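Owing to the predicted nature of the structure, the values given are computational and were not obtained by experimental measurement. These numbers come from the heavy atoms of this one structure, side chains and all, not from hydrogens, waters or symmetry mates.
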Amino acid sequence: MTMFTGSVLLAAGAVVRRPRRLGLKEMLFHLQSAGADAVVLLAGLSFLMGFVIGIQAIATMSPFGAEARIARVVTTITMLEIGPLLTAILLAGRSGSAFAVQLGAMKIRGEIDGLRASGIDPVGDLVLPRVLALVAAGLLLVMITTAFSILGGMVITLWIPNLSFLAYLVGAADAMSGVGLFVGLAKIVVFSGLIGLIGCFQGMRMGESAASGEGASSSFVVSLMYIVLIDTLFSFIYHIN
């Protein structure tokens with residue numbers, strides 16, 4: 001995996017020197033399949049998640065008369081944890097596994113070996129566009145997740161007479177004014193990059209047709225493990241400072 005990551009970084013360096021080598025059409029195709037096709041599902045899930053967080057915040061803060069802080073709680077939790085995690089899990093389940101299956105099928109049919117025999121680097125032509133597309137999709141999707149989760153939390157203002165929609169939005173905007181937003185964006189960049197690398201790595205190492213489903217399953221499980229570990233590291237560094 002370390003050697004595979006190094007080869008992807010070398011391919012990225014070659015693209016920086018010669019931007020025309022980047023498969024822009026393939027990157028846009030994967031950006032659509034990983035990003036645009038997941039918007040409706042992710043928006044619905046994040047809206048419901050924001051609503052659930054809002055209900056929990058009411059139950060926790062109402063006894064102390066701190067209803068005005070509910071918008072800040074919902075926004076902070078969404079921005080730092082729910083948004084990046086929900087987006088990353090969806091990308092790992094949909095796109096990371098799909099990358100493993102796609103590249104695994106190409107490996108089984110001998111297409112990747114054929115590219116190497118023709119002097120074409122499969123990492124630069126097949127892997128790099130997928131990883132970059134997933135990073136771009138992750139950034140776009142996490143913004144949508146955060147927005148819809150905040151809107152879902154805003155529904156709870158219907159049950160709080162002294163908290164208006166405007167006051168809720170002001171509290172949410174205040175919560176997003178710190179460094180938390182940049183931490184959330186940094187998380188999803190790392191998450192989506194790793195998901196892309198792991199999915200492509202699992203696909204490129206397949207050798208048998210029967211292993212296709214195994215590769216997709218392994219891609220999701222390994223990605224999920226790294227997502228949780230890196231999220232723990234981010235949270236520790238952010239809160240310890």
Practice prompt. Measure the shortest side-chain to side-chain distance between Lys107 and Met204 over non-hydrogen atoms and say whether it is less than 4.5 angstrom.
Written response: no
Taking every heavy atom of Gly54 against every heavy atom of Ile156, the minimum-distance pair comes out as C-CG2, 3.8 Å
Inset, instruction - For Met49, look at atom CE and say whether over 12 heavy atoms of other residues, nucleotides or ligands are found less than 6.0 Å away. - result: no
When every non-hydrogen atom of Ala38 is compared with those of Arg94, the smallest separation belongs to CB-NH1, 3.6 Å
So the side chain to side chain donor-acceptor pair (under 3.5 Å) pairs with at least one residue in residues 2-18 (sequence neighbours excluded) are none
Using a 4.5 Å side-chain heavy-atom cut-off and chaining through intermediate ILVMFWY residues, the residues clustered with Val170 come out as Leu166
Donor-acceptor pair between Glu81 and Thr76 side chains, under 3.5 angstrom = no
Are Leu181 and Ile53 in one and the same hydrophobic cluster, where Ile, Leu, Val, Met, Phe, Trp and Tyr link if side-chain heavy atoms are under 4.5 Å apart?
yes
Applying side-chain contact (heavy atoms from CB on, under 4.5 Å) to Asp121 and not counting sequence neighbours gives Ala11, Val123
Looking at side-chain heavy atoms only, is the closest gap between Met106 and Leu103 below 4.5 Å?
yes
Residues pairing under salt bridge (charged side-chain N to carboxylate O under 4.0 Å, His left out) where one sits in residues 23-32, two or more places apart or in two chains, turn out to be Glu26-Arg130
**Asked** Any chance CZ of Phe4 has more than 12 other-residue heavy atoms, nucleotides or ligands included, within less than 6.0 Å?
**Response** yes
Smallest heavy-atom separation, Ser223 atom then Ser219 atom, equals OG-O, 2.7 Å
If only atom types and distance count, is the side chain of Tyr168 paired as donor or acceptor with the main-chain N or O of Met154 below 3.5 Å? yes
Applying salt bridge (charged side-chain N to carboxylate O under 4.0 Å, His left out) to Arg72 and not counting sequence neighbours gives Asp174
By side-chain contact (heavy atoms from CB on, under 4.5 Å), Ala12 pairs with (sequence neighbours left out) Leu128
Shortest non-hydrogen pair, Ala172 vs Ala71, comes out as N-CB, 3.9 Å
Residues passing the side-chain contact (heavy atoms from CB on, under 4.5 Å) test with Phe234, sequence neighbours excluded, are Val183, Ala186, Lys187, Val190, Ile230
Original post:
Which is it for Val131 and Ile195 under the side chain to side chain contact (heavy atoms under 4.5 Å, CB included) test, yes or no, and what are the steps along the way?
Top reply: CA-CA 8 Å; Val131 174; Ile195 292 166; over 6 Å; no
**Asked** Shared ILVMFWY cluster between Val101 and Phe220, side chains joined below 4.5 angstrom?
**Response** no
The complete set of ring pair (Phe, Tyr, Trp, His ring centres under 6.0 Å) pairs with one or both residues in residues 27-59, sequence neighbours excluded, reads His30-Phe99
Scanning both residues in full, the closest heavy-atom pair of Thr78 with Ser149 reads OG1-OG, 2.9 Å
Practice problem: Give the cluster check for Met1 versus Leu126: same hydrophobic cluster or not, with ILVMFWY residues linked at side-chain heavy-atom distances below 4.5 Å. | Solution: yes
With sequence neighbours left out, the residues meeting side-chain contact (heavy atoms from CB on, under 4.5 Å) with Leu233 are Ile237
Is there a path of hydrophobic side-chain contacts, each under 4.5 Å between heavy atoms, that joins Ile150 and Val155? yes
Minimal heavy-atom distance between Gly196 and Leu134, with the atoms involved, is N-CD2, 3.3 Å
side-chain contact (heavy atoms from CB on, under 4.5 Å) test vs Met225 passes for just one of Val221, Val228, Ile227, Leu229, namely Leu229
Tell me which donor-acceptor pairs under 3.5 Å the side chains of residues 82-92 have, and how far apart each pair is, sequence neighbours excluded?
unit_1: Thr87; atom_1: OG1; unit_2: Gly83; atom_2: O; d: 2.8
unit_1: Thr87; atom_1: OG1; unit_2: Thr145; atom_2: OG1; d: 3.1

**Q.** Hphob cluster co-occupancy, Ile55 + Phe165, side-chain heavy atoms under 4.5 angstrom
**A.** yes
Taking the side chain as everything from C-beta on, heavy atoms only, tell me whether Phe236 gets closer than 4.5 Å to Thr232.
no
Worksheet item: Would you find more than 12 non-hydrogen atoms of other residues, nucleotides or ligands less than 6.0 Å from Phe201 atom CZ?
Response: yes
Sorted by chain and number, sequence neighbours left out, salt bridge (charged side-chain N to carboxylate O under 4.0 Å, His left out) with Arg109 holds for Glu111
As a quick check of understanding, evaluate side chain to side chain contact (heavy atoms under 4.5 Å, CB included) for Ile144 and Leu42, giving each step before the final call. CA-CA 8 Å; Ile144 293 171; Leu42 194 58; 5.7 Å; no
So the salt bridge (charged side-chain N to carboxylate O under 4.0 Å, His left out) pairs with at least one residue in residues 136-155 (sequence neighbours excluded) are none
